[in-house]
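See structure below.
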Amino acid sequence: MRKPIKLILFNVAFIGITILCFSDKFLGLGFNPSSGAFKFALSISLAVFGIFMFFFGNYMILLSKDKVDYKVDKLETIDDCIAALWQCIRTDPSFKPEITKAIEQLKVLQRRKDSLKVLLEQNGVSESFKYLNQTANKAEFFAFSNVKSIINRLIVFDNKEYLSNPDSVDISVHRNFINEKLDSNQTILKEYSDLLLALSAIGDTHHINVDEIRDMTDALNKVLKRDEFKPFESSYNETQEPNNNQ
């Protein structure tokens with residue numbers, strides 16, 4: 001959103017300065033020769049300069065590169081990761097489909113997380129199912145780890161080189177790595193969904209099946225356990241085990 005904001009601010013400031021320069025209450029510049037030779041010449045000069053600055057300013061803002069202002073090891077929330085991925089789309093458009101999918105997965109993860117919280121709170125069983133929250137937090141951690149691995153891979157990918165000479169860069173290596181992380185996240189989300197489905201009967205005492213809920217929790221934990229021992233291929237700031245802040 002930086003470019004649209006910069007464009008709006010620049011154009012609003014430009015219009016404001018123009019009004020100040022040509023308003024009778026301020027500088028009172030105008031194009032009437034009778035107002036004086038100096039003021040008339042100054043008005044012409046400012047008008048020409050203003051037109052140039054208007055087009056030049058907008059042109060430079062549109063062409064300016066967005067600054068990457070995130071740090072991978074500082075991405076702590078789903079919104080943080082989504083914001084970083086949006087920047088990745090601008091810096092690495094060659095992977096736009098994959099990055100878009102990662103963003104959608106994070107949004108789904110947030111909805112799963114919110115659904116679990118509301119479901120447990122509404123039924124007054126949050127304390128009874130603490131292990132579910134622990135599993136959910138662990139799922140979020142590994143989904144985050146996968147996204148951070150994707151971002152790290154995008155950092156080392158030279159998008160300019162690829163666009164200028166696609167034959168010189170093996171993009172499939174990077175794409176396969178990213179898709180592997182996306183597939184891992186998709187599996188986590190699928191098991192998370194099955195867990196929520198089993199848990200949805202919690203308000204119905206005739207149909208609640210604690211064993212089924214535990215089976216779904218164990219299934220999700222098995223997926224997470226598998227990822228826990230899978231080495232991360234990224235070389236930047238990767239964390240192997242969940243920490244207390246996740």
Side-chain angles (χ1 to χ4, degrees), residues 1-2 4-5 66-93 95-122 126 129-155 157 177-200 216-217 219-228 230 232-234 236-246:
M1 292 296 294
R2 281 187 174 81
I5 292 174
D66 289 305
K67 182 181 178 181
V68 175
D69 58 0
Y70 62 82
K71 291 186 178 180
V72 177
D73 62 339
K74 300 297 183 183
L75 301 178
E76 298 178 350
T77 68
I78 291 177
D79 287 339
D80 289 342
C81 289
I82 289 177
L85 287 170
W86 276 116
Q87 290 193 48
C88 291
I89 284 182
R90 293 191 288 270
T91 57
D92 293 273
F95 293 95
K96 184 176 180 179
E98 289 81 7
I99 299 172
T100 301
K101 184 175 180 179
I103 292 173
E104 290 304 316
Q105 287 181 338
L106 287 174
K107 291 180 178 178
V108 172
L109 176 63
Q110 182 65 63
R111 293 196 293 271
R112 299 278 192 276
K113 180 181 177 182
D114 293 341
S115 295
L116 177 62
K117 180 180 178 181
V118 171
L119 192 59
L120 294 178
E121 288 180 351
Q122 290 292 329
S126 296
F129 289 91
K130 282 185 177 179
Y131 70 94
L132 287 179
N133 285 316
Q134 293 172 352
T135 300
N137 290 336
K138 193 175 180 183
E140 184 176 347
F141 167 79
F142 282 107
F144 273 16
S145 296
N146 285 331
V147 171
K148 289 178 181 179
S149 294
I150 291 173
I151 293 174
N152 283 333
R153 181 54 67 100
L154 294 172
I155 289 174
F157 179 75
F177 174 86
I178 292 173
N179 281 319
E180 179 184 340
K181 298 301 179 183
L182 292 175
D183 290 343
S184 175
N185 273 359
Q186 200 61 41
T187 303
I188 291 173
L189 291 174
K190 195 268 181 186
E191 297 296 340
Y192 204 148
S193 178
D194 290 344
L195 170 61
L196 288 174
L197 185 61
L199 193 61
S200 64
M216 295 299 100
T217 306
L220 177 54
N221 273 312
K222 285 180 181 178
V223 172
L224 300 177
K225 196 70 175 178
R226 181 195 64 196
D227 285 347
E228 186 175 359
K230 184 184 295 183
F232 288 90
E233 298 179 42
S234 177
Y236 292 87
N237 300 315
E238 292 299 318
T239 305
Q240 296 297 326
E241 294 290 338
N243 58 47
N244 294 330
N245 294 324
Q246 294 291 338

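Quick note: residue numbers are just sequence positions, from 1.
- Nearest heavy-atom pair, Phe144 versus Glu76, reported as atom, atom and distance to 0.1 Å: CE2-O, 3.2 Å.
- Not a single ring-ring contact (aromatic ring centres under 6.0 Å, His included) links Tyr192 to another residue, sequence neighbours left out.
- To the nearest 0.5 Å, atoms CG (Leu189) and CG (Asp194) are separated by 11.0 Å.
- At least one side-chain heavy atom of Ile78 sits under 4.5 Å from a side-chain heavy atom of Glu140.
- When every heavy atom of Leu182 is checked against every heavy atom of Ile150, the shortest pair comes out as CD2-CD1, 3.8 Å.
- Note that NZ of Lys181 is 13.0 Å distant from NZ of Lys148, once rounded to the nearest 0.5 Å.
- Atoms CZ and CD, on Arg112 and Gln105 in that order, are 10.5 Å from each other to the nearest 0.5 Å.
- One distance of note links CZ of Arg153 with CG of Asp92; it measures 12.0 Å at 0.5 Å rounding.
- Note: Leu196 CG to Arg111 CZ = 12.0 Å, rounded to the nearest 0.5 Å.
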**Prompt:** Does the pair Ile178 and Leu154 meet the rule for a side-chain contact (heavy atoms from CB on, under 4.5 Å), with working shown?
**Reply:** CA-CA 9 Å; Ile178 292 173; Leu154 294 172; 3.9 Å; yes

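- Ile82 and Ile103 get closest at one heavy-atom pair: CG2-CG2, 4.0 Å.
- Listed by chain and number, the residues in a side-chain hydrogen bond (donor to acceptor under 3.5 Å, both in side chains) with Thr77 are Asp80 (sequence neighbours excluded).
- Note that CG of Asn152 is 10.5 Å distant from OG of Ser145, once rounded to the nearest 0.5 Å.
- At least one side-chain heavy atom of Val147 sits less than 4.5 Å from a side-chain heavy atom of Asn185.
- Residues Asn146 and Ser184 approach most closely at ND2-OG, 3.1 Å, considering heavy atoms.
- At least one side-chain heavy atom of Asp114 sits less than 4.5 Å from a side-chain heavy atom of Gln110.
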